[in-house]
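Before any comments, here is the structure.
All heavy atoms count here, side chains included; hydrogens, waters and symmetry mates do not. Proteins come first, then strands; the chains are lettered A, B, ... in the order of their sequence lines, and each starts at number 1.
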2 protein chains.
Amino acid sequence: MTQENKPEDFRDLADSYGYSIPLDDFFSCALSVDCVIFGYEDNDLKVLLIKRGAQPFKKSWALPGDLMYPDENLKNAAQRVLKDLTGLDNLFMEQASSFGSVDRHPVGRVVTVSYYALVNIRDYNPVAASWAKKLKWHSLQEIPELAFDHREILDSGMTTLRRNLSTRLIGFNLLPDKFTLKDIQHLYEIVLDKKFDKANFRKKFLSSEFLEPLEEMESNVPYRPAKLYKLADKVDNRSSFEI
Amino acid sequence: MTQENKPEDFRDLADSYGYSIPLDDFFSCALSVDCVIFGYEDNDLKVLLIKRGAQPFKKSWALPGDLMYPDENLKNAAQRVLKDLTGLDNLFMEQASSFGSVDRHPVGRVVTVSYYALVNIRDYNPVAASWAKKLKWHSLQEIPELAFDHREILDSGMTTLRRNLSTRLIGFNLLPDKFTLKDIQHLYEIVLDKKFDKANFRKKFLSSEFLEPLEEMESNVPYRPAKLYKLADKVDNRSSFEI
DNA sequence: GCAAAAGTGTTAGTCATACACCCATGT
DNA sequence: ACATGGGTGTATGACTAACACTTTTGC
């Protein structure tokens, strides 16, 4: 946007309210989005990292992220960037936090907004694309050195995830449409790094009215098949729930 | 920052990774900060609004906020802007959320980061300054039409405040250094819009080890003076506490 | 003494925890 | 039959909610 396009009045503002730099100098920043995609597999919580094939921090591991176009919304940018770099589409992502240290990006002033999501690794198959040269689910115990301030963004995302999982029903993004009570318990135990008593955990969830039992059962397991459940229709990611 | 200052490698990026616009076009956004300052007085929770004396939205009520300089950190920007417009200095503000709809600002692409704080209205005396023409604590029940998407920002700040007050000790920013148990209860009741039983509320806080009793008492009250407490040294704004 | 709010003790009920036990399935 | 995990019942103790009561101050 050039000075010519701006409303008359706004030029008044620039003239009369004593900004110490010309108004246009404010419009010199870039925004980026960074996606903290948590995935759950076996007994492990992982995060999706890409190997950067572009400067800066070429060849470093990093969160999937990129610059936002000036004409796209933040949330759309997060969806687009994630899809471009990993092929993951239509993930339920939620805004986590923003990071704006002056020197966090070597090229210029880039403020980044982080988004996070939870997925079941079994259900997704991300593939490195665009300038992402490689892609890997990293266990949270084995995070390599990351580009930019991505380590801080990752840690902050983890905090947000834990807080939201223990107070809301957010964790269900990580489960398939049909799931067993054991699946849920497993997920909670891994994310919150805490053991729950089976009987009590079941009681809590079954009395919550957030689950709807299906007629179906697990199959092909070498033990008694567990009942499958689905989320009640009224549940959304904002539903409050204390574990 | 001009193209000339940028590292060689980054120009490679622009050339070879297929951005659909020149790299410089990314660096055409502005950032702003908006401060949601909650204040507590008598039986009411209020929010500090300014009457804008600058375009756009001149003469509208708005949250105290302004553009961030390209060479200052986000958090510093929030502190500076709040001080410039209202004189409030050194408030403990915490980042709440970011808002980035393409058309949220009539002048150009401005992504805003919101910060929130809690203060005891008795202890502070904000005064309109700079381009803020007027300033007023508005009861949350009587919020006028607000500039930009500030209504959305305010509501989101309120949600963040409530969530954090019920799971952390954040509420204490709203209290003076010395306070009575009644003060705390009052604050919780107003913010969470919920009544608590006096005896039970006291027991909960006194058994929390977050409070240290002082020798001092309230004075000049027409009833039995209450004991004063201060926060234990180990408490910070991240201390976890379930009410 | 009275009003007002500080501050405490008791009780009933609810909920969390721990743990033992039975059930259904594949091999 | 047995190994494995699904699924349930119950006793204990801790915590919550409700409420009555005593205490201390100013007027």
key: Opening and closing nucleotides of DNA chain D in contact with chain A, under 4.0 Å to non-hydrogen atoms   =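 Terminal contacting nucleotides, 5' to 3': dT4(D) to dT10(D).
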Would [X] and [Y] count as having a side-chain donor-acceptor pair, cut-off 3.5 Å?
{"X": "D66(B)", "Y": "W131(B)", "answer": "yes"}
{"X": "D34(B)", "Y": "T112(B)", "answer": "yes"}
{"X": "S97(B)", "Y": "S156(B)", "answer": "no"}

query = Rounded to whole angstrom units, what separation is found between the CD atom of E218(B) and the P atom of dA4(C)?
reply = 16 Å
message = In this structure, how many angstroms lie between the P atom of dC23(C) and the NZ atom of K227(A), rounded?
response =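 Spelled out: NZ on K227(A) to P on dC23(C) is 18 Å.
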key: Check: M93(A) and Q79(A) side chains under 4.5 Å, non-hydrogen atoms   =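 Sidechains of M93(A) and Q79(A): in contact.
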ask   = Is any side-chain N or O of R224(B) under 3.5 Å from a base N or O of dA6(C), one able to act as donor and the other as acceptor?
value =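 Checked by distance alone, the answer is yes.
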request  = For DNA chain C, find the residues of residues 195-203 of chain B with a heavy-atom distance under 4.0 Å and give them by number; none if there aren't any.
outcome  = K198(B), A199(B), R202(B), K203(B)
message = Just checking R122(B): does its CZ atom have more than 12 heavy atoms from other residues, nucleotides or ligands closer to it than 6.0 angstrom?
response =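 No - once you tally the heavy atoms of other residues, nucleotides and ligands closer than 6.0 Å, there are 12 at most.
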query = In this structure, are over 12 heavy atoms from other groups packed under 6.0 Å from D197(B) atom CG?
reply = yes
ask   = Of L228(A) and Y223(B), whose nearest nucleotide on DNA chain D comes first from the 5' end?
value =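 Looking at the nearest nucleotide for each, L228(A) comes out on the 5' side.
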remark   = Looking only at heavy atoms, the pair that brings K133(A) and A128(A) closest together is C-CB, 4.1 Å
query = When the nearest nucleotide of DNA chain C is assigned to A226(B) and to P222(B) on a heavy-atom basis, which residue is associated with the more 5' position?
reply = P222(B)
request  = Tell me whether the centres of the aromatic rings in Y188(A) and F201(A) are closer together than 6.0 Å.
outcome  =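 Between F201(A) and Y188(A), which both carry aromatic rings, the centre distance is below 6.0 Å.
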